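In what follows, a structure is listed as structure tokens, so that the remarks can point back to it.
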Amino acid sequence: MQTQSVLLIVTGGTISMVSDPQTGALRPADIATFKQFVPELLNYGIHIDILAFDELVDSSDVNPEMWSRLAHMVFDNYDTHDGFVILHGTDTMAYTASALSFMLENLNKPVVLTGSQLPIGVLRSDAKENLLTAIEIAAAQDEEGEPIVPEVTVFFEDKLFRGNRTTKLSAEHFSAFMSYNYEPLATAGVHIHYNPHLVHYCNPELKLRLRTKINQNVVVLKLFPGIKETTVRAILSIPDLRGVILETFGSGNAPSDEWFYNALCEANSRGVVIVNKTQCPAGSVEMGRYATSLNLLSAGVCSGYDITTEALLTKLMYLLGENENNTEEVKRLLSISLCGEMTIE
Ligand code: ASP
């Protein structure tokens with residue numbers, strides 16, 4: 001039987017951290033120290049190659065340039081590996097997973113992100129289980145030798161989620177991620193149970209394509225009762241602003257003040273793309289269900305349906321990057337689920 005080959009890419013995060021003897025704070029270790037903690041990697045029945053960022057980082061320092069670097073690392077090693085595991089800090093893992101799902105167009109191999117809540121060298125750590133199960137999932141193939149989950153995913157504790165559906169849920173529990181609007185793609189216990197009917201498959205005839213242009217001129221505007229006109233107008237008049245995620249109440253509702261409507265209309269007519277994202281982690285935006293969201297429709301605001309803020313932010317950056325000044329095309333693509341990031345009934 002042929003041995004599967006997985007590329008492990010280490011970016012940093014708690015999983016690879018050690019305690020600084022001077023300050024006591026956790027800081028990223030170097031890759032040689034990290035490898036010493038997982039001798040199992042050498043003897044796992046799966047061929048594992050390792051690449052690492054030159055300097056491992058806390059994921060609060062991960063930025064779009066690093067998303068692009070990761071996408072290139074997958075692309076450059078695509079033909080020589082059956083799957084990929086990316087070790088990443090949990091804080092911004094959902095953003096990176098979402099960004100990669102858009103940057104790796106026509107992906108037909110597993111890219112599994114994982115990390116841990118405790119460093120790999122700590123006795124009670126969740127790191128080894130997460131890492132070794134993620135590797136097994138990245139290498140998993142069906143009877144025809146096809147990858148079982150050929151998409152960008154996040155594995156944590158015992159669940160495999162679609163990457164662009166995840167949100168960090170807990171800074172405490174080992175079960176740190178949640179996918180509120182989409183069921184897990186697999187559950188790991190004694191055996192790993194896959195749910196192939198939930199997996200997003202791309203046409204295998206299409207070649208992997210990198211889409212790494214990003215436009216960072218976006219903002220998240222979270223509404224709250226009592227938000228002032230000056231606040232909203234100051235945000236909407238940020239120079240070069242191209243996209244706004246409007247975090248609304250319930251099923252996508254917003255204050256019905258006239259100044260609010262006018263401010264949105266003005267931004268929309270300047271070509272700023274505004275997307276309605278509910279503040280509720282579960283459920284979907286339904287524009288027009290209440291009178292308080294009808295205004296948003298007529299101000300040109302797009303629906304974010306049941307997308308996560310992480311997926312919407314990265315999708316907006318990616319669409320604005322790839323489509324430059326074509327606002328209508330950006331709006332059209334926002335209303336389509338590109339790689340399973342939202343449910344449109
Ligand atoms: N601050 C860490 C990071 O995101 C937290 C973690 O990895 O769990 O890099």
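We count ligands from 1, going down the list as the structure has it; atoms in each ligand are counted the same way. Remember, it's a predicted structure, so these values are computed and weren't measured experimentally.
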Show me which atoms of ligand 1 lie under 4.0 Å from any heavy atom of Thr14.
2 (C), 5 (C), 6 (C), 7 (O), 8 (O)
Does ligand 1 have any atom sitting under 4.0 Å from a heavy atom of Ala176?
no
Distance-only, no hydrogens or angles: does the Asp82 side chain make a donor-acceptor pair with backbone N or O of Ser5 under 3.5 Å?
yes
Between Val301 and Val275 the two heavy atoms that sit nearest each other are CG1-C, 4.2 Å
For atom 4 (O) of ligand 1, closest protein heavy-atom neighbour
Ser59 OG, 2.5 Å
Quick one: which ligand 1 atoms are inside 4.0 Å of a heavy atom on Ser116?
8 (O)
Contact (N/O only, under 3.5 Å) between Asp58 and ligand 1:
yes
Which atoms from ligand 1 have a heavy atom of Gly13 less than 4.0 Å away?
7 (O), 9 (O)
Determine the minimum heavy-atom distance between Tyr78 and Phe84, stating which atoms define it.
CA-CZ, 3.7 Å
Protein residue, atom and distance nearest to atom 8 (O) of ligand 1, heavy-atom basis:
Thr90 OG1, 2.4 Å
Mutual orientation of the aromatic rings belonging to His191 and His193 [parallel < 30°, tilted 30-60°, perpendicular > 60°]
perpendicular
With the threshold set at 4.0 Å, does a side-chain nitrogen-carboxylate oxygen contact exist between Arg233 and Glu266?
yes
CG (Asp54) with more than 12 external heavy atoms under 6.0 Å:
no
Got an N/O contact under 3.5 Å between Ser60 and ligand 1?
no
